[in-house]
Amino acid sequence: MKPKLLIVEDEEPIRTQLTSALRDDFTLFFAEDRAEALSAVACERPAVVSLDLGLPPHPESSECGLEALDQIMRTAPATKVVVLTGNGGRESVIRSVQLGAFDYHQKPIQLPDLKVMLQRAANLQTLEAEAEKRGNETLIRFADMLGHTPGMREIFAVVSRIARSDVTVLIQGESGTGKELLARAVHANSARSTRPFVAINCGAIPDTLLESELFGHERGAYTGAYTQRKGKLELADGGTLFLDEIGEMSPPLQVKLLRFLQERELERVGGRGVLRVDARVVAATNKDLKAELQARRFREDLYYRLSVVNLTLPPLRERGEDVMLIANALLQRTCKAHRRKLRFGSSALEAIAHHPWPGNVRELENAASRGSGPGGAGRPRGSARQDARKHHTGLAAPGGEPSDSPRLDHPLRGQHPGFQVRTACPRIPNARIIQVISVADVSESAEDSGASRASPLQ
């Protein structure tokens, strides 16, 4: 595709001359004064502008042209502007460059020279646009994480800087914010990326077993230990160990972990030999560890060993446009898995934007999966389909029976007359979300349920 070139020139003979010379290499647009030029820049977004500084109503001076240049650069700073000057001499050229002009060409016009200059400007603009696009894609998707808000971009930048080192990282944030994904991003961007990434949830394993899971055990170390077993730390040798919910670890195990972080050595349970292990440790918690320090439930020395780099993931409700970015990605992933083609309608988008998402990305993923999967409410089957006709309810009560409560004011009532929510339901906003995004397969479901074909998820 040929690059767009806007020629701002008030003299017809010059426009004709430029058209003949440049039409094979550019898609041409024309403007005769400043107002037309600004309108063309806003509408067509040309890659390059050829701007005559001697514009009406004062073609004898360069003031109108310089004002046009200033406004063009404010409107479209990525545009490359080549100024044509025959008025004002050197002073006009200097001011043009100061205002952001790419280059200048002195009249009378030398077509071969001007053509080369415009082509060079177009090539540079194309390269800069591609570089910016790649940079934006990097900021939006980092490893398996999505994020474009300033807070997330800052986190991605920090991870990029520290990943190549072996410093210990502590990730804090509410449940469901993606702490393990961030830990995997640290590992994936490090020199250890080809080595194992081993994860363990310290809150899911009883203390009596967690020590053995972490450090391993020798045969006969305790009843049932029939064979020698390597712990997670040994399995992560050369790679990364992710300690999820580190705030749940008991004080005795905190001491043993602290010793490993200091010495990079461990002893298996029931063993006497000392093993050296080269594993990077990334820890995560949804607790406020500083509050845990004050309550003496977490060791201060271990906290400072873990938090060499401290990353705090913001909750989804504080991530602005990232909510829609993630919701659309989750919807596309679910649709691909179930071979369906769906998109969010206006009602769904409004509901997603206004829901506080206390469960963060995990809750959003659950809502998208329930709404767009084969078992979503928009596709009742068998007896469930008959029940939907009989009771005219969009959601069931927690026990599985349809709700008898009065209807609430809700944006879906006009589209789905049977939509009801139990008045005492503590998660009405989440119920709304699932109902909104679960109306799918419009043709079949609308006919079966008697609902309108206009669906919030189309």
Side-chain angles (χ1 to χ4, degrees), residues 143 145 151 154-193 195-205 207 210-216 231-267 275-315:
M145 300 188 72
E154 182 179 354
I155 289 174
F156 295 162
V158 171
V159 171
S160 297
R161 289 197 303 268
I162 59 95
R164 290 286 171 180
S165 67
D166 283 335
V167 295
T168 306
V169 180
L170 175 63
I171 304 171
Q172 296 182 272
E174 295 179 7
S175 179
T177 50
K179 295 186 291 295
E180 182 169 348
L181 283 178
L182 189 60
R184 290 183 180 275
V186 172
H187 175 73
N189 285 272
S190 72
R192 300 171 177 265
S193 58
R195 304 291 291 171
F197 177 90
V198 180
I200 183 170
N201 190 319
C202 301
I205 303 173
D207 286 340
L210 183 57
E211 182 180 13
S212 175
E213 285 292 319
L214 272 178
F215 298 96
K232 299 292 187 183
L233 278 167
E234 280 188 79
L235 295 175
D237 189 27
T240 303
L241 174 70
F242 175 56
L243 297 172
D244 198 8
E245 303 302 342
I246 189 69
E248 304 294 338
M249 184 176 285
S250 65
L253 271 182
Q254 291 179 31
V255 174
K256 196 164 184 178
L257 177 61
L258 175 63
R259 177 172 175 79
F260 168 76
L261 293 175
Q262 290 173 334
E263 308 295 336
R264 298 293 166 175
E265 296 177 344
L266 62 84
E267 295 179 13
L275 304 174
R276 290 200 63 82
V277 174
D278 174 27
R280 181 183 196 167
V281 175
V282 178
T285 181
N286 58 10
K287 289 187 173 183
D288 183 352
L289 287 189
K290 290 187 177 180
E292 295 295 300
L293 293 179
Q294 294 178 354
R296 298 184 180 278
R297 289 189 292 267
F298 200 83
R299 293 183 62 94
E300 186 174 15
D301 46 5
L302 178 58
Y303 172 78
Y304 290 119
R305 281 284 179 181
L306 290 172
S307 61
V308 177
V309 174
N310 199 330
L311 300 174
T312 301
L313 280 170

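In this chain, residues are counted from 1 in sequence order.
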Can you name the side chain to side chain donor-acceptor pair (under 3.5 Å) partners of E154, sequence neighbours left out?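 Testing E154 for side chain to side chain donor-acceptor pair (under 3.5 Å), a comparison that skips the adjacent residues, returns none.
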What distance do [X] atom [atom1] and [Y] atom [atom2] have between them, rounded to the nearest 0.5 Å?
X    : Y    : atom1 : atom2 : answer
I155 : L313 : CD1   : CG    : 4.5 Å
S212 : D207 : OG    : CG    : 13.0 Å
E213 : E211 : CD    : CD    : 11.5 Å
S250 : L210 : OG    : CG    : 7.0 Å
L235 : I200 : CG    : CD1   : 10.0 Å
L302 : K256 : CG    : NZ    : 14.5 Å

Which atom of [X] lies closest to which atom of [Y], heavy atoms considered:
X    : Y    : answer
A236 : A279 : O-CB, 3.6 Å
A163 : S190 : O-CB, 3.0 Å
V277 : L233 : CG1-O, 3.2 Å
F215 : E234 : O-OE2, 4.1 Å
A185 : N189 : O-ND2, 2.8 Å

Any side-chain heavy-atom pair of [X] and [Y] under 4.5 Å:
X    : Y    : answer
T240 : V186 : no
R280 : V169 : yes
M145 : F156 : yes
N286 : K179 : yes

Against the six-membered ring of F260, is R264 placed for a cation-pi contact (under 6.0 Å from the centre, within 45° of the normal)?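 Yes, R264 lies over the aromatic ring of F260.
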Using side chain to side chain contact (heavy atoms under 4.5 Å, CB included) as the criterion, point out the one residue from R297, R259, M249 that pairs with Q254.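 Going through R297, R259, M249 one by one, the side chain to side chain contact (heavy atoms under 4.5 Å, CB included) with Q254 is satisfied by M249 alone.
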E300: partners by side-chain contact (heavy atoms from CB on, under 4.5 Å), with sequence neighbours left out: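 side-chain contact (heavy atoms from CB on, under 4.5 Å) check on E300 returns L293, Y304.
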How would you list, by chain and number, every residue that makes a salt bridge (charged side-chain N to carboxylate O under 4.0 Å, His left out) with R276, sequence neighbours excluded?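 Checked R276 against salt bridge (charged side-chain N to carboxylate O under 4.0 Å, His left out); matches are E265.
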Does the pair L311 and L182 meet the rule for a side-chain contact (heavy atoms from CB on, under 4.5 Å), with working shown? CA-CA 9 Å; L311 300 174; L182 189 60; 3.8 Å; yes
Is it the case that the side chain of D237 and the backbone of D278 share a donor-acceptor pair, with hydrogens and angles ignored and the cut-off at 3.5 Å?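 Side chain of D237 to backbone of D278: a pair is present.
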How far apart are the C-alpha atoms of L257 and I246, what are their side-chain angles, what is the distance that settles it, and do they pass the side-chain contact (heavy atoms from CB on, under 4.5 Å) test? CA-CA 11 Å; L257 177 61; I246 189 69; 3.8 Å; yes
Output, in order, the C-alpha distance, side-chain angles, deciding distance and verdict of side-chain contact (heavy atoms from CB on, under 4.5 Å) for L243 and L214. CA-CA 10 Å; L243 297 172; L214 272 178; 3.6 Å; yes
Any side-chain hydrogen bond (donor to acceptor under 3.5 Å, both in side chains) pairs touching residues 159-171, not counting sequence neighbours?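 Those involving residues 159-171 are D166-R192.
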Please set out all donor-acceptor pairs under 3.5 angstrom arising from side-chain atoms of residues 170-177, sequence neighbours excluded.
from	atom 1	to	atom 2	distance (Å)
Q172	OE1	N310	ND2	3.2
Q172	NE2	K287	O	3.4
E174	OE1	R317	NH1	3.3
E174	OE1	N360	ND2	3.2
E174	OE2	R317	NH2	2.5
S175	OG	R362	NH1	3.0
T177	OG1	E174	O	2.7

Derivation of the side-chain contact (heavy atoms from CB on, under 4.5 Å) call for F242 and R184: CA-CA 8 Å; F242 175 56; R184 290 183 180 275; over 6 Å; no
List the residues meeting ring pair (Phe, Tyr, Trp, His ring centres under 6.0 Å) with F197, not counting sequence neighbours, and say none if there are none.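 Partners of F197 under the ring pair (Phe, Tyr, Trp, His ring centres under 6.0 Å) test: H187.
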